[in-house]
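The structure appears right after this line, and notes come after that.
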Amino acid sequence: MAVTLIVVAGCGSLTLRAPADSSTTAAALPMLDPNQVTRGRQIYVQQCASCHGQQAEGAPNWQQPDARGDLPPPPHNDSGHTWRHSDAQLADIIRNGLRDRFNKTPELTMPPFKDRLSDAEITAVITYFKSLWSPEHRAFQEEENRRPPMPTQRSGP
């Protein structure tokens, strides 16, 4: 099951910034609770690894839409883009699912997990993701957490 294919389609409407300079921000990173990381990894393996890979490596060719128009599940390590999203965005995607903007089908690209995972479990999974990122990417993501939420983009008049 895909806990965060979530992130792929979410990038389409977001403004992406360059990662923060680790020399000034890595020292200020909050410590990750090792128990949360372990719990998040356990939940990830049970709920997400079947789509996103046992080591959060993502599906092969995850940046190329498949025949249905879906982008395959992305990695959640440094090679992906999960680190470019705030905790709130990641939690929302995990909780409510996501429809990839390239998706040509009526189904969600990433299924919702609100009926399977509690908020505490979602937080643990996000903490596990953070343990996979470089200090630079963690610093960037912490900066995203401090930004005010971006308004939802709507099409039409």
Side-chain angles (χ1 to χ4, degrees), residues 1-20 32 36-134 136-145 147 149-157:
M1 311 207 140
V3 159
T4 349
L5 168 6
I6 7 183
V7 180
V8 173
C11 288
S13 64
L14 300 176
T15 302
L16 300 179
R17 291 173 282 285
L32 298 176
Q36 275 284 86
V37 172
T38 299
R39 178 75 179 125
R41 166 89 180 138
Q42 291 168 342
I43 296 163
Y44 174 86
V45 168
Q46 294 167 352
Q47 300 290 328
C48 316
S50 63
C51 293
H52 291 276
Q54 288 294 315
Q55 303 303 317
E57 71 275 13
N61 301 315
W62 66 272
Q63 294 175 311
Q64 300 298 317
D66 64 19
R68 294 168 38 112
D70 286 331
L71 285 170
H76 296 300
N77 56 26
D78 273 335
S79 69
H81 53 75
T82 306
W83 56 270
R84 290 186 173 268
H85 302 282
S86 70
D87 289 359
Q89 289 171 319
L90 295 173
D92 182 62
I93 293 167
I94 295 168
R95 189 177 296 110
N96 298 309
L98 179 84
R99 179 172 175 75
D100 189 314
R101 64 188 174 118
F102 299 108
N103 185 330
K104 299 173 191 162
T105 71
E107 300 96 38
L108 288 173
T109 307
M110 163 74 189
F113 281 78
K114 63 184 169 197
D115 294 333
R116 290 185 246 174
L117 298 176
S118 69
D119 286 347
E121 290 171 321
I122 290 170
T123 298
V125 169
I126 294 169
T127 302
Y128 166 63
F129 292 161
K130 292 178 183 189
S131 76
L132 304 174
W133 303 336
S134 69
E136 294 84 8
H137 289 170
R138 282 201 55 219
F140 179 92
Q141 201 265 346
E142 284 299 323
E143 218 175 276
E144 290 301 300
N145 287 334
R147 293 184 188 282
M150 295 179 70
T152 304
Q153 289 187 333
R154 301 192 189 283
S155 57

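Here the options are L108, L98, D66, T109, the test is side-chain contact (heavy atoms from CB on, under 4.5 Å), and the partner is N103; only T109 passes. Under the side chain to side chain donor-acceptor pair (under 3.5 Å) rule, H76 has a single partner from H52, H81, Q55, which is H52.
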- Apply side-chain contact (heavy atoms from CB on, under 4.5 Å) to F129 and Y44, showing your working. CA-CA 9 Å; F129 292 161; Y44 174 86; 3.8 Å; yes

- Item | Audit row: L32, R138, side-chain contact (heavy atoms from CB on, under 4.5 Å) steps and yes/no | CA-CA 11 Å; L32 298 176; R138 282 201 55 219; 3.5 Å; yes

- Item | Stepwise side-chain contact (heavy atoms from CB on, under 4.5 Å) test for T82 and L132 | CA-CA 10 Å; T82 306; L132 304 174; over 6 Å; no

- Would R68 and E107 count as a side-chain contact (heavy atoms from CB on, under 4.5 Å) if you check the C-alpha gap in whole Å, the side-chain angles of each, and the deciding distance to 0.1 Å? CA-CA 10 Å; R68 294 168 38 112; E107 300 96 38; 2.3 Å; yes

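Looking at every heavy atom in both residues, P73 comes nearest to W62 through O-CB, 3.5 Å. The minimum heavy-atom distance between R116 and P111, with the atom names listed, is NH2-CB, 4.4 Å.
With rounding to the nearest 0.5 angstrom, the CH2 atom of W133 is 12.5 Å from the OG atom of S79. Here the straight-line distance linking atom OG of S131 with atom CD1 of I126 works out to 12.5 Å at 0.5 Å rounding. Considering CZ of F113 and CG of N96, their distance stands at 12.0 Å, rounded to 0.5 Å. Once rounded to the nearest 0.5 Å, the distance linking NE2 of H137 with NZ of K130 reads 15.0 Å. To the nearest 0.5 Å, atom CZ of residue R95 and atom CD1 of residue I122 are 4.5 Å apart. Note that CD of Q89 and CD of Q141 are 9.0 Å apart. Values are rounded to the nearest 0.5 Å.
With hydrogens and angles ignored, the 3.5 Å screen pairs a side-chain donor or acceptor of R99 with a backbone N or O of T105. Using modelled atom types, no side-chain atom of Q64 and backbone atom of L71 make a donor-acceptor pair closer than 3.5 Å.
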